[in-house]
Every structure is written in structure tokens, then in C-alpha cells.
Trainee: 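Pasting a structure here, questions to come.
All values below were derived from every heavy atom in this structure, side-chain atoms included, with hydrogens, water molecules and symmetry-related copies excluded. In listed order, ligands and their atoms are each counted from 1.
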Amino acid sequence: MIDNLWSREVNNIPLPPLVKGFPILGSSLELAKDNLGFFVKQYHEVGAIFRVRALNRQFTVIAGTEANQFVNQVGTEFLSVQDFWQDFCKELGTDNLLVSLDGDRHLQQRRFLQPSYSRNSIIHAFPETIQLIVELTANLRSGQRVQVLPFFQQIICEQLGMLLADCSPSHYRGDLVRFLQTALNVTVVKQLPSFLLWLPSYQRSRKRVLELAKLAIKKNRMSQTKRQKPNLIDELLTDCQQPHPLLSESEMIAAAVGPYLAGLDTVANTCSFMLYALLKSPEIMAKVIQEVDGLFQDGIPNAEGLRGLSALHGAAMETLRMYPVATAIQRYAIADFAFKGFRVDAGTHVIIATTVPHFLPQYFPNPHTFDIDRFHPPRNEHKQNGAFAPFGAGAHLCLGNGLAEVQIMLTMATLLHRFEFSLESPNYTIQPISNPTLSPSNRFYVRVQPRSN
Ligand code: HEM
């Protein structure tokens, strides 16, 4: 027990307060509009645990640094992921993905996949990663209007395809986006009707996503080049040759899709929000550009050089704080427990609103101000226990978090060194939508101008 934060003892303990909502609809409209804003408001008004009704569903929300500490310390004892991801797994033709496993099987697979998803995957490939961005942006004309999210989706998905699978997803990108958004919205967050899974356009995309995974496996299997550092597909192929492979064949194919889906609605969204935040803060943008120009002065930068850019790093971290693309994580309670004096029964759908502390002024003063100095000594606001959780919490903490951080910084550094970006209208205000991760709307466009470095 962490200072009476939680307990196994639930006798005579009441259920958490139920948030008042509309008849029938409950709080569904507020949740659909801005789930994080709703959770922050309820945290202030009701406390760190409350029940919410939305149409025919009911769940318990736990929030605040206490909720993150609870999940970090004892989450696996009381919470399970499995039921959430089962239908999504089916769409990929498998029973399990890393994110859908609990217990020892999860630990084993996580340990096995960890080196492929580590920060080293990109740190050893800066020249190739930068070259890829240069090639993908070579045709941008002066003054061209660019739709921001698809622009970043292309760059990020190609990078991860190259780094983790050595296989370009180029002709499959539209299918990957359609598959991911439909399957997540229908099967995991359940905010779209299930008939969408039967539409021919979705079915075609789904088939093509699996085709891409098989293509990546085949390409790597036939490759004669021995890589210095094995990529994800090399590791999967080595595993399947073992007498007792860790992954079944269908798990292996689904795992090979991982690199293509992992960044599409996470890193790409974050880069889009970061560009927006910098365009809205010209002084910070000037500092970042000065830093990145210095970085490229002596040719291709290395990891140490990138790490030293404090304005760029602060801007990336502040974007992850203010625009957390994964606002919350979902679980089912597998045993009764009490949290902050209220009871959660086994079988309850629990939402851990991991990013609520990002907007609590006791941890991040003036939480709605984009302030890149929060993350450096002496402030180090993100280091307070449970306060900063853009990558989730507990056993399923994002496995690609180090890789994602470097990818965001390197991509933004390269683009800001090569191009000047401007908002179409200085008054433009971004409207984040939940799709289901926090995404910039399709109406976010910028103009680009190549810089003469
Ligand atoms: C800004 C970028 C990213 C954000 C905000 C993010 C966020 C998250 C979150 C919140 C989870 C936990 C889900 C849960 O507990 O239910 C997660 C899991 C995961 N992420 Fe990320 N992610 C990002 C980028 C990436 C990238 C680039 C990769 C890989 C290339 C990746 C690979 C994974 C994997 C494999 C898991 C499952 C871990 C497990 O179940 O043990 N993520 N991510």
C-alpha cells in the first residue's frame, strides 16, 4: 500500500461518485469532444476516482499522479489488458499482440522485442534517416501548401519501415491509415459502429496490411546482407527457427506490422502538434532554428549533438505534455481493490487518465502555456513522481518511447533546417480531435519555403 492510496480490503468501502450526465447519453458528448478536458474537470470537481456513464457503458476513471503511481507499482496485480485488444488482434489474424498480453507471456515477449524497438535502432542510422527525409521532401516547391498530418505520416512511416523492417511501406500507406483508424475506433475505443469492419474498402486495406507484413518478412528472409544490428524482422525470423519459438506464425506476422502502425497516429501527430506550437511561438521557433542550424554546420549530426539541443528537446517534451496523443489507457479490474477510499470491483472497466497531471498547476505551473524550460534543471517538472506520462504507465509503458523521442527530434531538426514553414493564417487555431488518438484536424495546412543553407 502506498500511504493509504490503495488497499486489497474492500469491505464497507463505497463505490466512487458517479458523474452527473444527460439522460441516456450520460457524459458521451463531453467525452467525444475532449476526453482529457473532461477528465481534468472531473478531477478538480470530484476527485482522483469517479464513475462515468456514456450511453450503455459505464466505467471507473482513476486520475492524477496517484493513479500513475498505483499503475506503476501494482497495476499488474489488479488490472488486465487482454479483453480490450482481443477484437483488434482478430483483425490482424492473431490471438495476441504484445499490447494484449498480461503476465509472464507479456514479460517474455517484451524482453524479446525490446532491443528492436530501442533508441539504438535510430541512433546508429542518423545518415540514412536524414537522407530519407531529404528524398521524401525533395519535390516540395516554394510556397507549396502542405496538409500537415499526412506529410508527417509519410515521413514517419517510411522511417520506421526502413529502421525496423528494411522494407518501404510506400504503396500501402493509405491502407495502413484506413486500417488503423477504423480498427482502433471500432474494436478498442468502440466509438464507431462495427458494420464498418465489413465495408469492402476496409476489408481491402486490412488484406493489404497483412500483405505488407508478409512482404517485409519475405524480403528480409531472402536478403543476403548481414546487418551489424539485426532489425525487428531479423529477430522474428531467428525466433521462428527455434525449436520452441516464442511467437506463433500468426503472432509473428502481426508483430511484423508493428513498425508500420506504431508511429502513424503517435509520432506523426506529435510532430504535427510540435510544428503548430512552434509556429504559434515565434521566439521559441527562432531559438530552435538557431540550434538546429548549428547542429548541421559540421555535416551529418550524431546522437550526442542532437541530445545537446535544449530548446529542441524542451519543445518536443512540451509538445508531448500539452498535446498527449495517448490521453489515457484502458484496463479491466481482475481483482477487487480500493483506491483513495473508494471500491473498484473485479470486472470493472477502468480508465487510467494518465495525462491528467500534465494540466495540474501544482506540477506544471501555467499548464496551458507552452514553456520549453520546464524540462531542464533546476525545474525538471516532468521528474515529479507520476506527473509526466505521455507514453503511458506500468507494465505496458510504450516500448518505443526512446526511439520516438529521438525520431521526433531528428525529424523536426532536419525539416526546420531545410524549410521555413508558415501558418496559412496567423490566427489559425488548431482543433485537436480524438481519432482515437489526439490528432490535428485535417484542416491544418502550412506553406513551405526551402531555406538557403
Ligand atoms: C509520440 C509517440 C508515441 C506515444 C505517445 C506512444 C504511446 C504509447 C502508449 C500510451 C502505450 C501504452 C498502451 C497501453 O498501456 O495500453 C504504448 C505502447 C506501445 N508502444 Fe508506443 N507510443 C509512441 C510511439 C511508439 C513508437 C514509435 C513505437 C515503435 C516503433 C511504439 C511501440 C509501442 C509498443 C510496442 C507498445 C506496447 C508495449 C507493451 O504492451 O508492452 N510506440 N505506446
Side-chain angles (χ1 to χ4, degrees), residues 36 67-68 71-72 75-76 79-85 88-89 96-122 129 152-153 155-165 169 180 184 188-189 231-233 235 254-274 316-332 350-355 358 388-412 436-439:
L36 180 54
N68 292 343
V71 175
N72 281 332
T76 48
L79 302 168
S80 156
V81 280
Q82 203 182 9
D83 288 351
F84 276 104
W85 290 97
F88 185 82
C89 289
N96 299 302
L97 286 166
L98 180 66
V99 76
S100 74
L101 289 169
D102 290 317
D104 286 348
R105 277 216 70 204
H106 172 251
L107 262 181
Q108 278 175 340
Q109 280 207 17
R110 194 170 157 103
R111 264 191 223 121
F112 166 67
L113 293 169
Q114 198 275 331
S116 322
Y117 277 123
S118 78
R119 172 190 306 260
N120 283 339
S121 304
I122 188 165
T129 309
F152 279 115
Q153 282 176 331
I155 292 176
I156 297 304
C157 194
E158 286 287 347
Q159 281 175 7
L160 290 174
M162 175 187 79
L163 295 169
L164 303 186
L180 185 65
L184 280 182
V188 183
V189 292
N231 69 18
L232 172 73
I233 310 287
E235 299 287 14
V257 177
Y260 301 108
L261 299 182
L264 265 188
D265 65 344
T266 56
V267 182
N269 298 13
T270 305
C271 289
S272 308
F273 285 126
M274 184 166 165
M317 297 285 277
E318 186 62 336
T319 306
L320 289 164
R321 182 189 72 81
M322 276 187 76
Y323 302 95
V325 299
T327 54
I329 56 178
Q330 310 204 51
R331 303 287 186 264
Y332 279 109
V350 181
I351 292 189
I352 303 112
T354 37
T355 59
H358 293 194
F388 185 61
F391 294 107
H396 290 268
L397 181 83
C398 175
L399 197 56
N401 71 75
L403 167 56
E405 241 178 79
V406 178
Q407 200 184 12
I408 294 165
M409 284 179 68
L410 187 63
T411 303
M412 294 306 288
T437 50
L438 195 73
S439 315

Trainee: Can you name the atoms of ligand 1, numbered from 1 with element, that are less than 4.0 Å from a heavy atom of A326?
Mentor: 10 (C)
Trainee: Which residue supplies the protein heavy atom nearest to atom 9 (C) of ligand 1, what is that atom called, and how far is it?
Mentor: F391 O, 3.7 Å
Trainee: If you take the nearest heavy atom of each of T266, L163, V406, L101, which one is closest to atom 3 (C) of ligand 1?
Mentor: T266
Trainee: Do me a favour and list the nearest non-hydrogen protein atom to atom 37 (C) of ligand 1 with residue, atom name and distance?
Mentor: L98 CD2, 4.0 Å
Trainee: Out of E405, Q159, Q114, R331, whose heavy atom is nearest to atom 14 (C) of ligand 1?
Mentor: R331
Trainee: Within a distance under 4.0 Å of any heavy atom of G392, pick out the atoms of ligand 1 and give their elements.
Mentor: 10 (C)
Trainee: What protein heavy atom sits nearest atom 40 (O) of ligand 1, and how far off is it?
Mentor: H396 ND1, 2.6 Å
Trainee: Considering non-hydrogen atoms of the protein only, which is the closest contact for atom 1 (C) of ligand 1, and what is the distance?
Mentor: T270 OG1, 3.4 Å
Trainee: Which bit of L399 gets closer than 4.0 Å to ligand 1, counting heavy atoms only: side chain, backbone, both or neither?
Mentor: both
Trainee: Please state which part of L403 comes within less than 4.0 Å of ligand 1, counting heavy atoms only: side chain, backbone, both or neither.
Mentor: side chain
Trainee: Backbone N or O of N96 within a donor-acceptor pair of the S100 side chain at under 3.5 Å?
Mentor: no
Trainee: Can you find a non-hydrogen atom of V81 under 4.0 Å from ligand 1?
Mentor: no
Trainee: Using side-chain heavy atoms (C-beta onward) and a distance below 4.5 Å, is Y260 in contact with L180?
Mentor: no
Trainee: Using modelled atom types only, decide if a donor and an acceptor are shared between the side chain of H358 and the backbone of A389 within a distance under 3.5 Å.
Mentor: yes
Trainee: Any atoms of ligand 1 less than 4.0 Å from a non-hydrogen atom of V325? List them with their elements.
Mentor: 5 (C)
Trainee: Test side chain to side chain donor-acceptor pair (under 3.5 Å) on N269 and S439 and set out the steps.
Mentor: CA-CA 6 Å; N269 298 13; S439 315; 3.2 Å; yes
Trainee: For atom 26 (C) of ligand 1, what's the nearest protein heavy atom and its distance?
Mentor: A262 CB, 3.9 Å
Trainee: Quick one: look up the protein heavy atom nearest atom 32 (C) of ligand 1 and list residue, atom name and how far away it is.
Mentor: G400 N, 3.7 Å
Trainee: Would you say P259 touches ligand 1, if touching means a heavy atom closer than 4.0 Å?
Mentor: no
Trainee: Answer side chain, backbone, both or neither: which part of V99 comes under 4.0 Å from ligand 1, heavy atoms only.
Mentor: both
Trainee: Apply side chain to side chain contact (heavy atoms under 4.5 Å, CB included) to the pair I352 and L79, showing each step before the final yes or no.
Mentor: CA-CA 10 Å; I352 303 112; L79 302 168; 4.0 Å; yes
Trainee: Considering only the protein, which heavy-atom contact is closest to atom 13 (C) of ligand 1, and what is its distance?
Mentor: I329 CG2, 4.1 Å
Trainee: So, S80 side chain and Y332 main chain: donor-acceptor pair closer than 3.5 Å or not?
Mentor: no
Trainee: For the side chain of D102 and the backbone of V81, is there at least one donor-acceptor N/O pair under 3.5 Å apart?
Mentor: yes
Trainee: Is T437 reaching over with its side chain to a backbone N or O of D265, donor-acceptor style, under 3.5 angstrom?
Mentor: yes
Trainee: Once you restrict to heavy atoms under 4.0 Å, what part of Y117 touches ligand 1? Side chain, backbone, both or neither.
Mentor: side chain
Trainee: What do you reckon, does H106 put a non-hydrogen atom under 4.0 Å from ligand 1?
Mentor: yes
Trainee: Counting only heavy atoms, which portion of R110 has something under 4.0 Å from ligand 1: side chain, backbone, both, or neither?
Mentor: side chain
Trainee: For ligand 1, which part of V267 has a heavy atom less than 4.0 Å away: the side chain, the backbone, both, or neither?
Mentor: both
Trainee: Mind checking whether A393 contacts ligand 1 via backbone (N, CA, C, O), side chain (CB onward), both or neither, at a 4.0 Å heavy-atom cut-off?
Mentor: neither
Trainee: Identify, by atom number and element, the atoms of ligand 1 in contact range of P390, meaning under 4.0 Å from any of its heavy atoms.
Mentor: 5 (C)
Trainee: Closest by any non-hydrogen atom to atom 20 (N) of ligand 1: pick that one out of G75, G394, C398, S100.
Mentor: C398
